[in-house]
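Below is one structure, written out as structure tokens; the observations come after it.
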Amino acid sequence: MAPSKVVNVQNKQSGTTITNTKKRITTRSQNPMLNNVLLKAPVLGKDPRFKRKAEASPPKEKTTKRSALGNITNAIGKTLVTHQTQEPKKVTKKATTTQVILSKLKPVPRVKPVKKDEEKTEVASEIVNVRRSLDLEKSEDSSLYVSALEDIGDDSLKKSRKSNIQPEETEKIKKENEQSESQVPVKTEKKSIAAQLDAIPERVLPEGLQWDFDAENWLDPFQVSHYAMDIFNYLKDRERLFPIGDYMERQVCLSRWMRALLVDWMVEVQESFELNHETLYLAVKLVDLYLTKVTVGKETLQLLGAASLFIASKYDERIPPMVEDFLYICDGAYTQRELLRMEMSVLKVVDFDLGIPLSYRFLRRYARCAKVSMPTLTLARYILEYSLMDYSTIMISDSKMATAALLLALQMKDLGGWTPTLEYYSGYKVDDIRDIVILLNEGLHRKHKEALTTVRNKYSHKIFFEVAKLPLKDTLDI
């Protein structure tokens, strides 16, 4: 979804200016807090022009969606149609009797090889063999025909075939018969293997476990229950490959408030472009990883956030926004060359490895395994997204952040504490996440300034069950 426009129309007669402003998006000039903190010197010699949507962005009505294999399937469909509608070629020459008979023949499984000495009698033998095969295809019932591969119980036919077969070919025939017999148990083995894969496994569950989520959805291919546990264990192992340190001491020009303001702006961009939540979480991770290794000035902090969103949208979105859209959202503060250079710099710092484990993915997995209701899951998502602005949580692993947000949501909904089911699927006990839950609860009680209200306003909508308006817990029972 492209950002809204701000169009200025000047009346030549009266000299007045009419401004039509659409809601839902705030550019840099309209946000005074962002303009004061992330200030950049104006570019000299730049022609003033109206803010407008990128010309390269297609209108919404003309956008066409295509599937992943759309080109292949369309190509196949076209070829089938052309073959079916293709008219047969007209034959001008009269076909001979041998050609007509040969056109009616079916492929024979075993053909005797022709030797050099028998080339002279090849034409006469073809006619004899054709007539003999036509007689063999006819069954006793005149209305039915037996194919050449079916068994024919005529002893005379077997004798005639055996007389034509040489002793060298008999060994080949025996080998073929042995292979065909060996194929029968192979098919049965394949069926048994498929039955074993479809069979629900019998696992030894720990005490107190209410249900086995993966076993219940074993036959659902969308749940990937066969190796879902291995996937998230693998993601937990990869968390150590993306460490984020306390980089604010080395960032001379930045502060925690400026980072929180940048994340708040990124949440607004995600909501305006209607991007996936995974895109937002990946972009924030890219910002923190880059700031851990590179010193950045305050004039390029917003450029780093836009480039990170641009990279994350390419990785997670089906139809990502264009470069011009991100330049517009920055109110023309940066050029296309600067944005592309920052994009390349971020990719080099992370070594082009964008498979970063995200807390949002862990949260969805754990909530589904615990069979949590949608309002409770939305509350956990609000807690987790609100913690993105908190600098004190950047060094905590994403899997622990997801479990802590889910436990805090259960506490706020009075749905109990940490269950053995959640402990089994997450791999964490209450002692591992107790301090994180207390930290998240303190962050919700902390009153931010008016500039950091995007997340709270977002989850105060009816679409998100107005979870931001729920009363907070002063004391937690954990």
Side-chain angles (χ1 to χ4, degrees), residues 65-70 72-73 76 187-239 274-282 312 315-319 354-385 397-407 409-410 413 415-416 418-428 463-465 467:
K65 298 180 180 180
R66 63 177 182 84
S67 58
L69 301 178
I72 299 176
T73 53
I76 293 175
K187 292 181 179 179
T188 56
E189 289 178 0
K190 289 182 179 180
K191 291 181 180 179
S192 62
I193 293 173
Q196 292 177 2
L197 291 175
D198 293 338
I200 300 175
E202 296 180 359
R203 300 177 180 176
V204 179
L205 302 178
E207 296 181 359
L209 196 66
Q210 299 176 353
W211 53 73
D212 191 351
F213 180 79
D214 291 332
E216 291 177 359
N217 300 276
W218 191 259
L219 300 180
D220 188 359
F222 297 103
Q223 301 291 340
V224 203
S225 299
H226 296 68
Y227 31 80
M229 203 75 174
D230 297 333
I231 290 174
F232 283 91
N233 289 334
Y234 170 71
L235 291 176
K236 287 175 66 176
D237 294 337
R238 280 183 59 84
E239 288 180 340
E274 295 183 359
L275 303 176
N276 297 328
H277 285 85
E278 292 88 345
T279 305
L280 172 65
Y281 282 79
L282 179 58
Y315 186 77
D316 276 314
E317 297 294 328
R318 185 172 177 269
I319 303 177
L354 300 178
I356 304 173
L358 303 177
S359 56
Y360 186 81
R361 301 185 191 275
F362 288 106
L363 176 61
R364 289 194 307 178
R365 164 69 175 173
Y366 301 153
R368 294 177 70 183
C369 292
K371 297 182 181 180
V372 174
S373 63
M374 195 62 192
T376 308
L377 174 59
T378 308
L379 178 58
R381 287 168 54 187
Y382 164 65
I383 298 170
L384 196 62
E385 191 167 332
S397 66
D398 287 64
S399 57
K400 287 185 178 180
M401 286 292 297
T403 53
L406 184 56
L407 178 55
L410 293 174
K413 285 277 190 176
L415 298 176
W418 202 242
T419 61
T421 304
L422 288 169
E423 182 179 343
Y424 171 72
Y425 284 104
S426 65
Y428 294 113
I463 298 177
F464 297 102
F465 304 100
V467 293

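On a predicted model such as this, the values are computed, not experimentally measured, just so you know.
Closest non-hydrogen pair, A370 versus L422, comes out as CB-CD2, 3.3 Å. Closest non-hydrogen pair, A402 versus F362, comes out as CB-CB, 3.6 Å. When all heavy atoms are compared, the tightest approach of L384 to S359 is CD2-OG, 3.5 Å. Listed here is the closest heavy atom pair of L415 and T376: CD1-OG1, 3.6 Å.
Note on ring orientation: taking the six-membered ring where Trp is involved, the planes of Y425 and F213 are perpendicular (angle over 60°, cut-offs 30° and 60°). The aromatic rings of F464 and H277 sit perpendicular, their planes meeting at an angle over 60°, well past the 30° parallel limit.
You'll find the side chain of I200 stays beyond 4.5 Å of the side chain of D212, heavy atoms only. A heavy-atom distance below 4.5 Å is not found between the side chains of L275 and L280. Side chains of S373 and K413 form no contact here, defined as non-hydrogen atoms less than 4.5 Å apart. Counting heavy atoms from C-beta on, the side chains of Q223 and R368 come closer than 4.5 Å.
With no hydrogens or angles considered, no side-chain donor-acceptor pair links D214 and Y227 at under 3.5 Å. A donor atom on one side chain and an acceptor atom on the other are found under 3.5 Å apart for S399 and E239.
T378 OG1 to I383 CD1: the interatomic distance, rounded to the nearest 0.5 Å, is 11.0 Å. R238 contributes atom CZ, which lies 8.5 Å from atom CD1 of I356 (distance to the nearest 0.5 angstrom). In this structure, OG on S397 lies 12.5 Å from CG on L235, to the nearest 0.5 angstrom. To the nearest 0.5 Å, the span separating CG on L282 from OH on Y360 amounts to 14.0 Å. One finds the CG atom of L379 at 9.0 Å from the CG atom of L410 (value rounded to the nearest 0.5 Å).
Legend: residues meeting salt bridge (charged side-chain N to carboxylate O under 4.0 Å, His left out) with R361, ordered by chain and number and at least two apart, are D316. The side-chain contact (heavy atoms from CB on, under 4.5 Å) test applied to L354 returns L286, I311, Y315, L347, V350, not counting sequence neighbours.
Counting only distance, with no hydrogens or angles, the side chain of W218 and the backbone of S225 share no donor-acceptor pair below 3.5 Å. A distance-only check finds a donor-acceptor pair linking the side chain of Y281 to the backbone of E385 [under 3.5 Å]. With hydrogens and angles ignored, the 3.5 Å screen pairs a side-chain donor or acceptor of E317 with a backbone N or O of N276. Of the possible donor and acceptor atoms, none in the side chain of R365 sits under 3.5 Å from a partner among the backbone N and O of F232. W418 contributes no side-chain N or O that, together with a main-chain N or O of T403, makes up a donor-acceptor pair within less than 3.5 Å.
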